[in-house]
Asker: 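So that we are looking at the same thing, I have put the structure below in structure tokens.
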Amino acid sequence: MHIAGVRLRLLELPLGAPFRPAWGRGRVQTELVVLLCEVRTDTGLTGLGAAHGGLEAAVTIDRFVTPHLLGQDPFQVERLAAVIRDAEILGAPAYGMEIPLWDLLGKAAGMPVCQLWGGGAARVRAYCATGELRGARERARDVAQLADGGFRAVKLRFHHDDPRDDLAVARAVRDQVGDRIELMVDANQAGADPGLSGHRAWDFRTALAVARELEDLGVSWLEEPLPRHDLSGLARLRDRLATLRLAGGEDSHGLGEFRLLLERECFDILQPDALKSETASAIRHLAAFAGLAGVAVIPHTWGSGISLLAHLHLAASLPNCGYLEFPHDPPSGFTAAARDQLLAEPLVIDDEGCVRVPPRPGFGFALDEERAERHTVRVIERGDSW
Ligand SMILES: [Mg+2]
């Protein structure tokens, strides 16, 4: 069996209502951009996945990955992953190209990918990852509704001009929902979005003051409290906290950077993303070493249901994980329904706030082909005709 074709489809999907990401000051998002990646074999098997980014990722994959996949054995995932990793030297992160290979493998073996990865949990506890900044009263009401809807954990965003306004939101939420919800906070301080002005980065003392308040509120983890290269600041901050855990790493790239984060003892929780930080197989290797240091690996994910489903298998397979990031922030346009609009079977939480791993071969993507076609704006195909 060999790889006979690679197809990249760029989709622009409607969100239905505007979404204003906390991490991109001034940005109003009305579309969900998805790059679908498919790898087909000469026997007619197709593996599906998604990559991080839009056209820039498509160009990178087409120039630096596809030519090295065509004609190769798709089951040599670790070997092909080297090509996928190195694409980033000259282009956008292409780590997501490993996803269709694992999907192929699962389909060929007739089993879910997380079983190929050694088994693991049948379901994973979802934490609802909100994305917008809102006022205290509004956010408290919204989190209460999420709790009523079955979520057991919710992550808030901190990015107000004055961190005291962020803390007021967390306090209002805790007052409203009490202990029935586990709370996390993402400060998104690792890096500013390129080209957007107005990002006011926290310094060490701000991060420490906020973290101490969050400890008092019983928050589980604080994510990205400092710039991603301030390794000594992160380690110092972590050292001064008693119960609050530090999380981060979604903006790091490659195993080497994650090794540094481990060696410098920056985080209690590493959050690699199998589309933009490293390949899924490398994240699994990382998790083994993180486990030795008592560090959890709870992958980051954002974007479409395709990437969420891949990360669900990854989270289920890692012994030191236990959570699935579940992007969903009604009443903005970024909801689970908008996120999963390409899936015939959207991902939902059960009555204990967990997401079940679908018992289908591969990652279990059931793509709504008609919808995908309707919103495709660009196609790049190589190899046999599709
Ligand atoms: Mg984050």
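Ligands are counted one by one from 1 in listed order, and the atoms in each one are counted from 1 as well. Index from 1, following the sequence. Because the structure is a prediction, the values reported are computed rather than measured.
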Asker: Please determine if the Mg ion (ligand 1) has an N/O/S atom from Glu224 lying under 2.8 Å away.
Answerer: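 Given the 2.8 Å cut-off, Glu224 does not count as a ligand of the Mg ion (ligand 1).
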Asker: To make sure I understand the geometry: which N, O or S atom in Glu250 is closest to the Mg ion (ligand 1)?
Answerer: OE1
Asker: Which angle, to 10 degrees, forms at the Mg ion (ligand 1) with OD2 of Asp186 on one side and OE2 of Glu223 on the other?
Answerer: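 Between OD2 of Asp186 and OE2 of Glu223, the angle at the Mg ion (ligand 1) is about 80°.
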Asker: Do Arg85 and Tyr95 meet the cation-pi criteria used here (NZ or CZ under 6.0 Å from the six-membered ring centre, within 45° of the axis)?
Answerer: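 No.
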Asker: Under 6.0 Å from the CD atom of Gln145, do we count more than 12 heavy atoms belonging to anything else shown?
Answerer: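 Buried by this count: over 12 neighbours within 6.0 Å.
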Asker: Using distance alone, with no hydrogens and no angle criterion, decide if Glu325 and Thr301 have a side-chain donor and acceptor under 3.5 Å apart.
Answerer: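 Thr301 and Glu325 do not have a side-chain donor-acceptor pair below 3.5 Å.
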Asker: With a 3.5 Å cut-off and no angle check, do the side chains of Arg264 and Ser232 form a donor-acceptor pair?
Answerer: no
